[in-house]
2 protein chains.
Amino acid sequence: MTALRPLRPSSKVLPVDARGHNRSLVLQTLYREGSRSRADIARETALTRVTVSALVAELISDGLVVELGQREETRPGKPATLLDLDRSAFVIVGLDLSEHSVFTGALLDLDGAISARAEVALDGSTGDEAVAKVVALAEQLIGQATAPVLGIGVGSPGVVDLGGVVLSAPNLGWNGMPLQSILADRFGVPVLVANDANAAVLAEHSFGGADSDAMLITIGHGVGAGLLLGGTPLFGSRFAAGEIGHVVVGTDGGAVCACGKRGCLETWLSIPNLIDRLEGEQGAARTAVLQEAGQRLGIALAPVVGALDLSEVILSGPTDLLDGPLMAATVETLRSRTMAEFHGSLTLRMTTLGPDIVLRGAAVMVLSGQLGVS
Amino acid sequence: MTALRPLRPSSKVLPVDARGHNRSLVLQTLYREGSRSRADIARETALTRVTVSALVAELISDGLVVELGQREETRPGKPATLLDLDRSAFVIVGLDLSEHSVFTGALLDLDGAISARAEVALDGSTGDEAVAKVVALAEQLIGQATAPVLGIGVGSPGVVDLGGVVLSAPNLGWNGMPLQSILADRFGVPVLVANDANAAVLAEHSFGGADSDAMLITIGHGVGAGLLLGGTPLFGSRFAAGEIGHVVVGTDGGAVCACGKRGCLETWLSIPNLIDRLEGEQGAARTAVLQEAGQRLGIALAPVVGALDLSEVILSGPTDLLDGPLMAATVETLRSRTMAEFHGSLTLRMTTLGPDIVLRGAAVMVLSGQLGVS
DNA sequence: TCATGTTTGTTAGTAAAGCTTACGAACTTA
DNA sequence: TAAGTTCGTAAGCTTTACTAACAAACATGA
């Protein structure tokens, strides 16, 4: 197999960079496969036992890896010393800024399990005031930490660049807000900030079993999406990938949107709009409203699914509204509007991670950025 | 700036791999910037002069780089010895299998300039017979080569996997045809096979000035697309990325397609269908047909442009039909159906590379795969 | 004119990374 | 008890890119 190399080798690579890569490889093996011996790791990574020993020694002295003792299993040869990630050695602070009236946060261990929670009401704060609430939330969580903080991951609404600057988040009044550097300066730990839907799709990949080409649609006050292509998050040319809420759907009009256009996806699908249209409706009428919303989502997604050859589309939002006639209509519409060969392999489902999906995605960002693990 | 690392470090990295990367970096600098001295390259790559000297010595002994003599410009210090890629040291064989009734091929130099052409009529051949014609075409071109062949690049219709197996190309009757290994075994040189539209978007990126997030739409007997995201071609979960010809457009019916659905993009936009509908039409009626086709393209592209945050969409096909009312209608439709903030930076244009775009894209694949250059 | 400074490309030596080879330790099996 | 197996480590080697230093070849200013 001859794959294309990256088109633009952007900077030099020193031996030490290769070492970092191999170190992550060892860490990744332990993270995913659980307790292994040095010899096991050598076999799985194709590195030699000698090299693995050296890398493991480094990881042990960094406090990331611990020896568990000898393997119980009885077989010929010297018993292996089992190793594992010290999953309680560090905690991760995850922050979810995507909800409309509250910032939520949590302490997570290296497996993404939540050990403490906190939240702060937004009370209509915007701008620096909203930033102060983010800082306070992080401070409160760090105060509860029982282990060193590996890093802070933040899922923010709006458009976020690769340096963690929130270029635009209308609801919070942020325009070019350097959230990453503010938090990094304040707390002195690594900080990673990304769009909430991007964080969510990472969580779904790491913890929800989504494969490497997936799209996650977040349906709430607005409608957004996070894309994972070939295992890599997509950011887009101006970091606005996934902003599909204001794409017009269909060729037959629709309601007027806050953005001025008519028939935007949000007018069909956002939760406030859905609830408005469901007001007082029962039975078949209710089903019809949900089906129409699902059809509209399918119409909007069909070209994207076809162009990207996605194998998995995941919905995140209120289950009572989404998981039923709406999702069924979306699947049906997608099937009737894309090529037959897609039907077998395209799956559409709800997220399995529930409302913590952004928090856990924020943790994945830290795991990925700091340890090269996910 | 803290970017996310690749999520899955897939294999170990040895120092020798880093060396290969740096070697490509030097090559890339010479390829893009033209004649430079060793010291210039060191400054641009951040490698030391010593390291660059060693890499350059290797490249000279491989016949890829030549010394041009001393720099003319008068300035203090010892005069620099200028280097350049020996752009005539190798030739590339490019093959375009995307046309309906003929396979075309060319010899290209390292700059992508065409020095010889050949073609072979398809005469309705399919299956192994069609493969034999590909082999004959390659053989004829290799026979004309005046320098060693760096590799063979092939742009094929249909779905092509990363190993150069054509999984499905209905017109050619290929299902799982291992074109890469057939050609590699036959000619003993590196062979790279990809979908024609993927090849085309690579050409547009390297030679046509397209930026790193672009989509190229090929409009001919069918309608397809190649996607470049963050400078990397997108293949999709089943190597079928870009297959948009049979996505249904709009919510108001349309003509019945060969695939059985109604209103597929191809029924609006493929050249045979367009010509049918233009039959006998003049003036405003002709314009109306073209505008409607353009609108349909815009409707199909809007969700993709929004979801991927594309900055550039390029059309490839017959200029007389595409470059006029059709393209104007596509732009207008895209603008009216996506967010206002896209309008400033989204450009839609015809390719500047004409009918050789796939041949040149095939050359880019070889340059990228063999030299890490593009 | 001539000393000084600048730039280039190379030589010599060093540090880091992962490799191969070899070995002792600890266990199972015949 | 001897032989075989597996684990982890030690010693030495090769490769890589680095720093330091230098000669060559030029420009510039006193």
Side-chain angles (χ1 to χ4, degrees), chain A residues 9 11-27 29-30 33 35-62 65-84 372, chain B residues 9 11-27 29-30 33 35-62 65-84 372:
Chain A
S11 70
K12 64 175 176 178
V13 171
L14 302 183
V16 68
D17 299 316
R19 173 123 182 145
H21 180 98
N22 289 337
R23 187 184 127 119
S24 285
L25 197 56
V26 169
L27 219 42
T29 304
L30 285 175
E33 314 287 344
S35 73
R36 291 287 148 114
S37 71
R38 293 169 174 84
D40 293 333
I41 296 171
R43 278 185 292 267
E44 289 181 33
T45 60
L47 293 163
T48 63
R49 284 189 314 230
V50 178
T51 301
V52 171
S53 273
L55 290 167
V56 166
E58 188 181 304
L59 291 168
I60 288 177
S61 96
D62 287 354
V65 166
V66 287
E67 292 194 337
L68 298 179
Q70 290 191 353
R71 173 177 275 148
E72 297 294 330
E73 185 188 337
T74 170
R75 55 178 178 181
K78 176 179 170 180
T81 308
L82 292 177
L83 307 166
D84 200 356
Chain B
S11 71
K12 64 175 176 177
V13 171
L14 303 183
V16 69
D17 299 316
R19 174 131 181 134
H21 180 97
N22 289 338
R23 188 186 126 119
S24 284
L25 198 55
V26 169
L27 217 44
T29 304
L30 286 174
E33 313 286 344
S35 72
R36 291 287 150 112
S37 71
R38 293 170 174 84
D40 293 333
I41 296 171
R43 277 185 292 265
E44 289 181 32
T45 60
L47 294 163
T48 62
R49 289 195 310 258
V50 179
T51 302
V52 171
S53 275
L55 291 168
V56 165
E58 187 181 304
L59 292 169
I60 287 177
S61 96
D62 287 354
V65 166
V66 288
E67 293 194 336
L68 299 179
Q70 289 191 354
R71 173 179 275 148
E72 296 294 330
E73 186 187 338
T74 169
R75 55 177 178 180
K78 176 178 171 180
T81 307
L82 292 178
L83 305 166
D84 200 356

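A note on names: the letters A, B, ... follow the listed sequences, proteins ahead of strands, and every chain is numbered from 1.
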[N] phosphate, OP1 or OP2, under 4.0 Å from [X] side-chain N/O:
{"X": "B:T81", "N": "C:dG9", "result": "yes"}
{"X": "A:K12", "N": "D:dC18", "result": "yes"}
{"X": "A:R19", "N": "C:dG18", "result": "yes"}
{"X": "B:T74", "N": "D:dA27", "result": "yes"}
{"X": "B:N22", "N": "D:dA17", "result": "yes"}
{"X": "B:S37", "N": "C:dG9", "result": "yes"}

Next on the checklist: Using modelled atom types and a 3.5 Å cut-off, is there a donor and acceptor pairing between side-chain atoms of A:H21 and backbone atoms of B:S11?
Outcome noted: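 Here the side-chain-to-backbone pair exists.
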
Checklist entry - Taking A:D84 for the side chain and A:V66 for the main chain, is one N or O donor matched with an acceptor at less than 3.5 Å? => result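 Checked: no pair found.
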
Checklist entry - Does any donor-acceptor pair link the side chain of A:R38 with the base of D:dG8 at a separation under 3.5 Å? => result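 Answer is no: no donor-acceptor pair is held.
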
Proximal nucleotide (of [options]) relative to the [X] side chain:
{"X": "B:A80", "options": "C:dT8, C:dC27, D:dG8", "result": "C:dT8"}
{"X": "A:K78", "options": "C:dA26, D:dC18, D:dT16", "result": "C:dA26"}
{"X": "B:V50", "options": "C:dA12, C:dG9, D:dT9", "result": "C:dA12"}
{"X": "B:P79", "options": "C:dT8, C:dC27, D:dC26", "result": "D:dC26"}
{"X": "B:S53", "options": "D:dC18, D:dT9, C:dT10", "result": "C:dT10"}

Item to check | Trace of the side-chain contact (heavy atoms from CB on, under 4.5 Å) decision for B:L30 with B:V65 | outcome: CA-CA 9 Å; B:L30 286 174; B:V65 166; 3.8 Å; yes

Next on the checklist: For DNA chain C, which residues of residues 41-48 of chain A approach it to below 4.0 angstrom with any heavy atom?
Outcome noted: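 The answer is A:T48.
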
Checklist entry - Please give, in whole Å, the distance from D:dT5 P to A:R71 CZ? => result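 Answer to the nearest Å: 18 Å.
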
